[in-house]
Amino acid sequence: MGEFLKIAKGLARLLMDAARDLLPIVVVIAFFQAVVIREPFPNLTDTLIGTAFVIVGLAFFVRGLEMGLFPLGEAMAQAFAKKGSVLWLMGFAFALGFGTTVAEPALIAVAAEAASTAAEGGLIGHDEASLDDYAYGLRMTVALSVGIAIVIGVVRIIKGWPIQWVIIGGYLCIVVLTFFAPPEIVGIAYDSGGVTTSTITVPLVTALGVGLATSIRGRNPMTDGFGLIALASLTPMMFVMVYGMVY
Amino acid sequence: MELIHHILNTGWVTLFDVVPIAAILVFFQAVVIRRVPPNPKRIAVGFLYVLVGLTLFLVGLEMALFPVGETMARQLTDPQFLGGDALLGRVNWLDYLWVYAFAAAIGFATTAAEPSLIAVALKAEQISGGAIKANGLRFAVAIGVAVGVSLGAYRIVSGTPLHWYIIAGYVVVMVQTIWASKFIVALAYDSGGVTTSTVTVPVVTALGLGLASTIPGRSPLLDGFGLIAFASLFPIMAVLAYANLAAWLQRRRHVRDQNGQEETNP
């Protein structure tokens with residue numbers, strides 16, 4: 001009975017947290033509907049049921065994060081550090097970056113939009129085949145760039161390079177590339193940095209970085225452990241601009 | 001019935017997102033590490049929770065938030081609603097004040113509910129031993145997204161080139177990095193990438209496309225992009241600014257404490 005009560009209490013807390021996280025959205029939408037737009041609310045029942053789903057889903061996700069994704073990511077990082085095989089670690093880092101990005105729905109959507117933009121700008125033909133070709137190439141390019149980013153990030157953690165030099169170097173590359181890339185691609189390239197990191201990738205990659213920095217002597221999990229996500233959102237911008245230049 | 005079908009369908013799609021990741025993890029676990037991780041049962045249940053949670057989350061978003069977000073983006077950018085010059089086919093950026101306000105508000109609100117950000121914030125609080133509060137970090141990031149999306153909306157309305165904003169942003173980030181405590185720099189850079197995922201991207205994209213397709217002279221394909229870039233750059237500035245501010249306040253308090261001590265101990 002006591003066990004059951006404990007679980008119920010934990011569940012209630014998670015649901016409360018999730019409801020609090022969602023509150024701003026509800027307030028914003030209610031305010032703009034009531035004060036600014038002043039039109040009757042469409043489909044109120046669906047909205048209420050959907051909101052309940054979002055709250056329960058968020059609660060489950062956060063619990064699963066603490067039980068599954070975080071411990072596994074850290075355990076694997078520690079196992080790799082103990083094993084001491086840098087080559088396997090690089091392989092894992094690349095597979096994780098490439099594998100989680102290539103199937104990312106947001107990326108697939110952005111790649112398709114980018115292909116239409118390129119067609120509009122006269123870079124490629126308007127037929128189906130060249131659109132698909134372009135979108136597929138772009139997806140592969142972004143996935144490759146994220147894989148490389150995680151590898152560079154892991155090397156950075158092992159070597160202890162300060163993150164700011166890596167990131168500022170990346171910024172300079174992006175600025176230079178911006179002036180050489182076709183203007184149609186620049187907007188997509190800048191956006192592609194943001195869409196690559198999905199909800200499942202982020203906790204795993206964060207746990208990997210923090211786990212590595214914790215198990216390697218002389219590394220601080222706070223200053224060295226974070227930064228993988230930053231790199232994973234930087235390299236796609238460069239690679240997409242280069243893709244636009246050479247395609 | 002339709003709802004159940006929708007849930008199962010979304011669950012299936014989410015499963016497909018998780019499968020490649022799970023395959024990579026299992027492969028390296030089995031072939032390279034060759035050791036069962038501690039608490040395998042707990043981890044499996046955790047993965048199941050993530051799967052169930054994301055499915056319900058996505059179904060709920062598609063039912064509740066996305067249609068409403070899109071409708072509101074359309075209503076707010078409608079020339080009939082805006083009135084003034086927009087009805088005459090001219091663009092006056094002042095007619096769009098409600099759009100900037102909505103952009104800021106919805107950018108803040110969707111970021112507060114972003115699961116990836118919750119994940120990183122929880123980890124940051126745990127590692128920093130509570131020196132960084134998860135909710136404080138999320139608040140700073142949400143403020144950054146609010147400013148970013150709002151400025152991005154202004155950029156679409158005014159039709160100014162995206163890259164000047166982004167390059168200027170980079171310069172600001174570099175200058176802030178010089179002054180910021182190295183303790184927080186890596187986390188600040190990371191917070192740019194995590195803000196734009198499940199919740200924020202669809203809503204913000206709808207807003208950008210709505211704006212670009214209703215404003216005369218803007219093309220949704222060429223001008224609709226860029227809001228995500230704003231939403232991932234400005235949180236970096238916000239978190240660094242928060243760190244700059246915290247360091248400055250602490251320094252000031254320190255100086256005041258010393259002065260106070262000198263006064264009480266003559």
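Order of the sequence lines sets the chain letters (A, B, ...), proteins ahead of strands, with each chain counted from 1. Below, all heavy atoms of this structure are taken into account, side chains as well, without hydrogens, waters or symmetry copies. What you are looking at is a predicted structure, and each value in this text was computed from that prediction instead of being measured.
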Quick one: what part of Leu65(B) sits under 4.5 Å from any heavy atom of chain A, side chain, backbone, both or neither?
side chain
Under 4.5 Å heavy-atom distance to chain A, tell me which part of Asn39(B) shows up: side chain, backbone, both or neither.
neither
Examine whether an atom of Ile184(B) lies under 4.5 Å from a heavy atom of chain A, and if so say whether it belongs to the side chain, the backbone or both; otherwise answer neither.
neither
So does Trp161(A) get a backbone contact from the side chain of Arg156(A), meaning a donor-acceptor N/O pair under 3.5 Å?
yes
Separation of Thr200(B) OG1 from Ile106(B) CD1 (nearest 0.5 Å)
9.5 Å
Listed by chain and number, what are the side chain to side chain contact (heavy atoms under 4.5 Å, CB included) partners of Arg63(A), not counting sequence neighbours?
Leu14(A), Glu66(A), Met67(A), Arg42(B), Tyr49(B)
Tell me which of these, Leu54(B), Val185(B), Val45(B), has more heavy-atom pairs under 4.5 Å with chain A than the rest.
Leu54(B)
What residue in Gly226(B), Pro38(B), Pro37(B), Ser232(B) has the most heavy-atom pairs under 4.5 Å with chain A?
Gly226(B)
Can we call the ring centroids of Phe31(A) and Phe102(B) under 6.0 Å apart?
no
Please classify the contact between Leu228(A) and chain B as side chain, backbone, both or neither, with a heavy-atom cut-off of under 4.5 Å.
backbone
Counterpart residues, side chain to side chain contact (heavy atoms under 4.5 Å, CB included), relative to Pro162(A) (two or more places apart)
Gln164(A), Trp165(A)
Between Ile236(B) and chain A, with a heavy-atom cut-off of 4.5 Å, which part of the residue counts as in contact: side chain, backbone, both or neither?
side chain
So for Leu122(B), is it side chain, backbone, both, or neither that comes closer than 4.5 Å to the heavy atoms of chain A?
side chain
Pick one of side chain, backbone, both or neither for Thr206(A), based on which atoms fall under 4.5 Å of a heavy atom in chain B.
side chain
Per-residue tally against chain A (heavy atom, under 4.5 Å) across Ile166(B), Val59(B), Asp190(B), Ile228(B) peaks at Asp190(B)
Report the option among Pro20(B), Ala23(B), Ala124(B), Ala188(B) that has the most heavy-atom pairs separated by less than 4.5 Å from atoms of chain A.
Ala124(B)
With a 4.5 angstrom heavy-atom cut-off, could you sort out which part of Val13(B) is near chain A: side chain, backbone, both or neither?
neither
Leu117(B) versus chain A, heavy atoms under 4.5 Å apart: side chain, backbone, both or neither?
neither
Under 6.0 Å between the ring centres of Phe57(B) and Phe53(A)?
no
Based on non-hydrogen pairs under 4.5 Å, which of Ala142(B), Ala44(B), Ala113(B), Pro40(B) is most in contact with chain A?
Ala113(B)
Residue part contacting chain A, namely of Thr177(B), when any heavy atom lies under 4.5 Å
side chain
Taking Lys123(B) for its side chain and Ile118(B) for its backbone only, find out whether a donor-acceptor pair lies under 3.5 Å.
no
Given Met72(B), Arg138(B), Glu114(B), the one with more heavy-atom pairs under 4.5 angstrom with chain A than any other is Met72(B)
Measure distances from Thr47(A) to the heavy atoms of chain B and classify the residue's part below 4.5 Å as side chain, backbone, both or neither.
both
